[in-house]
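Report on the structure given below.
Below, read A as the first sequence line, B as the second, and so on, with proteins coming before strands; counting in each chain starts at 1. Reckoned from all heavy atoms, side chains included, excluding hydrogens, waters and symmetry mates.
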2 protein chains.
Amino acid sequence: MVTEAGLRGRKKERTRQSLHDAALRLFLERGFDRVTVAEIAEEAEAAVTTLFKYFPGGKVALVFSHEEDRAAALADAVRNRSADTDPLTAIEDFIGTRLPFDPHMDAASPLLRLIFETPELRAYARQKWTDCEDALMAVLVEQCGYPDDAPLRALARLILQSPDIVARHSTPRAALAMIFANLRRGWQLDT
Amino acid sequence: MVTEAGLRGRKKERTRQSLHDAALRLFLERGFDRVTVAEIAEEAEAAVTTLFKYFPGGKVALVFSHEEDRAAALADAVRNRSADTDPLTAIEDFIGTRLPFDPHMDAASPLLRLIFETPELRAYARQKWTDCEDALMAVLVEQCGYPDDAPLRALARLILQSPDIVARHSTPRAALAMIFANLRRGWQLDT
DNA sequence: CTACGTATTTGCAACCACTACATATTCGTC
DNA sequence: GACGAATATGTAGTGGTTGCAAATACGTAG
């Protein structure tokens, strides 16, 4: 999403950023539930109602400022994969790029710690993945021959759990690979 | 859990039941988020504070009155399985007994419809399963030889998603069997 | 540069889930 | 019947979230 042109657009972006920054600063300083939305608004020099206009997802959404249409991106990644790549590998790669980068550096990242240790935030992050279920299943049905839809829906569901599963792991990518190896063996999609 | 003896115990049970009944009646009549806890308390002739004393889980918990220590029950089911049953089958059977019974009868059940169509309630039901993750992984580690813990944690996670996955299915048990067949092939535990 | 229409912001009041606390009531028991 | 412990109640919050009408700021046409 590109920043709107004009003074208005710039101010909008600045306000959004200001709210996001204020929220992160206060959350990291005091912990998620020791900060009120009123305080965030004040710190960002905005009204509470403005805050909710920018982040309809509420307090939790303030942490995740850069939203993407992940479902569409995931579906694209599978459809436009290179010829020598099977669907599951394309999905694995896609998820891999959305994972915390360096295991040691990121494990120490205060923001990741905050998200990991705050149930509400973790649930939100997880749901952003599971919201892709319908899209993922659609693309699986389209790309893999399979007698029934049910196993593919189950597979989609299980795949979308993997980011949250490996997030607590010390080597997320390795854990992801292990899960995908087992899923591949279990479902045998190939085609 | 057995009802406590004496007048006191009987009244406690009656109050709890009264709150549960009132909540279900109102929820089914108007929908979950069109009912306030104040209304439920009034309908049950109790104070709001009393309501929260009985259901610390809040509004959602009012729907699920009979709580069990599911984690312990699941672990027991695996440990005390008959000699010719493997761990995964024991788990599958356990989950099977906690699923909605008759597919046609239950699909029409207003209560199940309510739970299914109310995100908050579905999330609560799902979490009661996923809360068993640690216990299930512990028992898997104990019962199955496996080089690393990580795949078993992933397996536990995926297994505990299955109840929610198959809940929307027209033939939950068949769907469950299919998922477990794939998981079995994928993880190859067999001991 | 000015005035007007529209997008955005603001403060206010309200709703509701949930909690802390002090007070009252009820049950079991002596 | 009286006393102590468990339970219930009402009140008064806190805090997230929303609706609304008034105020403000931006873009633009004249």
Checklist line | Lys/Arg N to Asp/Glu carboxylate O, B/Asp131 vs B/Arg70, below 4.0 Å | finding: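 Not counted as a salt bridge, because no side-chain N and carboxylate O are separated by less than 4.0 Å.
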
Notebook entry, point to check: Does A/Arg81 come within less than 4.0 Å of A/Asp86, counting only side-chain N to carboxylate O?
Noted result: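 A salt bridge is absent here (no side-chain N lies under 4.0 Å from a carboxylate O).
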
Checklist line | Protein-nucleotide distance (A/Arg10, atom CZ; D/dA25, atom C1'), rounded to Å | finding: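 Distance check: A/Arg10 CZ to D/dA25 C1' gives 14 Å.
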
Checklist line | Nearest-Å distance for atom pair CD/P, residues A/Glu39 and D/dG15 | finding: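 It works out to 8 Å between those atoms.
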
Could you please name the option among [options] that lies closest to any side-chain atom of [X]?
X	options	answer
B/Thr49	C/dA17, D/dT9, D/dC26	D/dT9
A/Thr15	C/dC27, D/dT17, C/dT9	C/dT9
A/Lys53	C/dA7, C/dT9, C/dC27	C/dT9
B/Val37	D/dG27, C/dA17, D/dG10	C/dA17
A/Ala47	D/dG16, C/dT10, D/dG27	C/dT10
B/Phe52	D/dC26, C/dT19, D/dA5	C/dT19

Does [X] have a side-chain nitrogen or oxygen under 4.0 Å from the phosphate oxygens OP1 or OP2 of [N]?
X	N	answer
B/Tyr54	D/dA8	yes
B/Thr50	D/dT9	yes
A/Lys11	D/dC26	yes
A/Lys12	C/dT8	yes

Next item on the list: Tell me, please, whether A/Phe27 has A/Arg34 positioned over its six-membered ring: NZ or CZ under 6.0 Å from the ring centre and within 45 degrees of its axis?
Entry: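 Geometry flag: not set, cation outside 6.0 Å or 45°.
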
Check: Mapping B/Leu7 and A/Glu45 onto DNA chain C by nearest heavy atom, which one lands closer to the 5' end?
Finding: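 Result of the comparison: A/Glu45.
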
Margin query: Pick the closest DNA chain C nucleotide for B/Val48 and for B/Ala5 by heavy atoms, then say which residue is nearer the 5' end.
Written below: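 So the residue in question is B/Val48.
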
Note to self: Looking at every non-hydrogen atom in both residues, tell me the closest pair between B/Leu99 and B/Pro172 and how far apart they are.
What the structure shows: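 The answer is CD2-CB, 4.1 Å.
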
Next item on the list: Would you kindly check whether a donor in the side chain of B/Arg8 faces an acceptor in the base of C/dT26, or vice versa, at under 3.5 angstrom?
Entry: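 For B/Arg8, whose side chain was compared with the base of C/dT26, there is a donor-acceptor pair (under 3.5 Å).
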
Next item on the list: Indicate yes or no: at least one non-hydrogen side-chain atom of A/Phe94 is less than 4.5 angstrom from one of A/Val78.
Entry: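 They are not in side-chain contact.
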
Next item on the list: Scan B/Phe55 against the nucleic acid and name what it touches under 4.0 Å (heavy atoms): base, sugar-phosphate only, or nothing.
Entry: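 If one applies the 4.0 Å heavy-atom cut-off, B/Phe55 turns out to touch nothing in the nucleic acid.
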
Next item on the list: Just call it for B/Val60: base, sugar-phosphate, or nothing, with non-hydrogen atoms closer than 4.0 Å on any strand.
Entry: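 It contacts nothing in the nucleic acid.
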
